[in-house]
Amino acid sequence: MDGNGAAENGGGIGDAIEELARADTLAFGGVGFAGTLLPVTEAYGRVESALAEQTETVRPELDRLLTHGSPAGRAYAATLLERIDPPAARAAWTAMRDDVGEFKTFSGCLMGRSSLGEYAASRLADA
C-alpha cells in the first residue's frame with residue numbers, strides 16, 4: 001500500500017488503513033485480562049466509523065487492503081466490506097479460502113492462531 005490515497009482521500013484514515021495493512025493480529029474488542037484495546041482494533045474502529053460516513057472514499061482503500069494487506073489486514077477489510085457490500089465480501093472470503101497466511105486471534109482473554117483460509121471458511125459457513 002502506498003499510504004497516500006487514504007490520507008488524501010479518506011479524511012485522515014490513512015494511518016488507520018496502514019495499521020490494518022500490516023496487522024498480525026485479529027481482535028475486534030478488548031483483549032487479555034484487562035480488556036485492553038490493541039492499536040489495530042482501534043484502527044479498525046476508526047475505519048469502520050469513516051466507512052459509515054464516507055463510503056465512496058473508504059471503499060477503494062478496502063479494495064487495496066484486500067489485495068495488498070497482511071492476512072489479518074485482509075480479514076479486517078473483508079469484515080468491513082460486509083457492512084456495505086455483502087456480495088463483494090462473500091466473493092472476497094471465497095477467494096481467500098485457500099490462503100495459508102496466518103495471524104493471531106483474540107477472543108477476550110483467549111489467544112489463538114488461524115490461517116486466513118480457515119478464518120474465511122468459518123465466515124462463509126456463518127453467512
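Just so it is clear, the model here is predicted, and its values are computed rather than measured.
In terms of heavy-atom proximity, Leu62 sits nearest to Ala77 at O-CB, 3.8 Å. In plain terms, the two heavy atoms of Ala23 and Ala72 that are nearest each other are O-CB, 3.5 Å. Scanning both residues, Asp15 and Arg46, for their nearest heavy atoms gives C-NH2, 4.5 Å. Considering every non-hydrogen atom in both Met96 and Ala78, the closest pair reads CE-CB, 3.6 Å. Listed here is the closest heavy atom pair of Val47 and Ala16: CG2-CB, 3.6 Å.
Within a 6.0 Å radius of CZ in Arg97, other residues, nucleotides and ligands contribute 12 heavy atoms or fewer. Taking a 6.0 Å sphere around CG of Asp63, one finds it holds more than 12 heavy atoms contributed by other residues, nucleotides or ligands.
Once rounded to the nearest 0.5 Å, the distance linking CE of Met111 with OG1 of Thr105 reads 8.0 Å. Expressed to the nearest 0.5 Å, how far CZ of Arg83 lies from CD of Glu48 amounts to 4.0 Å. In this structure, CG on Leu20 lies 10.0 Å from CG on Leu26, to the nearest 0.5 angstrom. Atom CZ of Phe28 sits about 12.0 Å away from atom CG of Leu38, to the nearest 0.5 Å. With rounding to the nearest 0.5 angstrom, the CZ atom of Arg59 is 9.0 Å from the CG atom of Leu51. Here the CD1 atom belonging to Ile17 is positioned 4.0 Å from the CD1 atom belonging to Ile13, to the nearest 0.5 angstrom.
Taking the six-membered ring where the residue is Trp, Tyr44 and Tyr76 present tilted rings, their angle falling between 30° and 60°.
Electrostatic pairing of Glu82 and Arg123 counts as a salt bridge here, judged by a charged N lying under 4.0 Å from a carboxylate O.
Checked by atom type and distance alone, the side chain of Thr25 never pairs as donor or acceptor with a backbone atom of Lys104 at under 3.5 Å. Under a 3.5 Å cut-off, the side chain of Ser122 and the backbone N or O of Tyr119 do form a donor-acceptor pair. Formation of a donor-acceptor pair under 3.5 Å by the Thr41 side chain with backbone atoms of Ala27 is found in this model. Between the side chain of Arg74 and the backbone N or O of Leu66, at least one donor-acceptor pair lies under 3.5 Å. Judged by distance alone, with hydrogens and angles left aside, the side-chain atoms of Ser107 form no donor-acceptor pair with the main-chain N or O of Leu110 at under 3.5 Å.
Leu37 and Phe103 fall into different hydrophobic clusters, where Ile, Leu, Val, Met, Phe, Trp and Tyr residues are linked whenever their side-chain heavy atoms come under 4.5 Å apart, directly or through other members.
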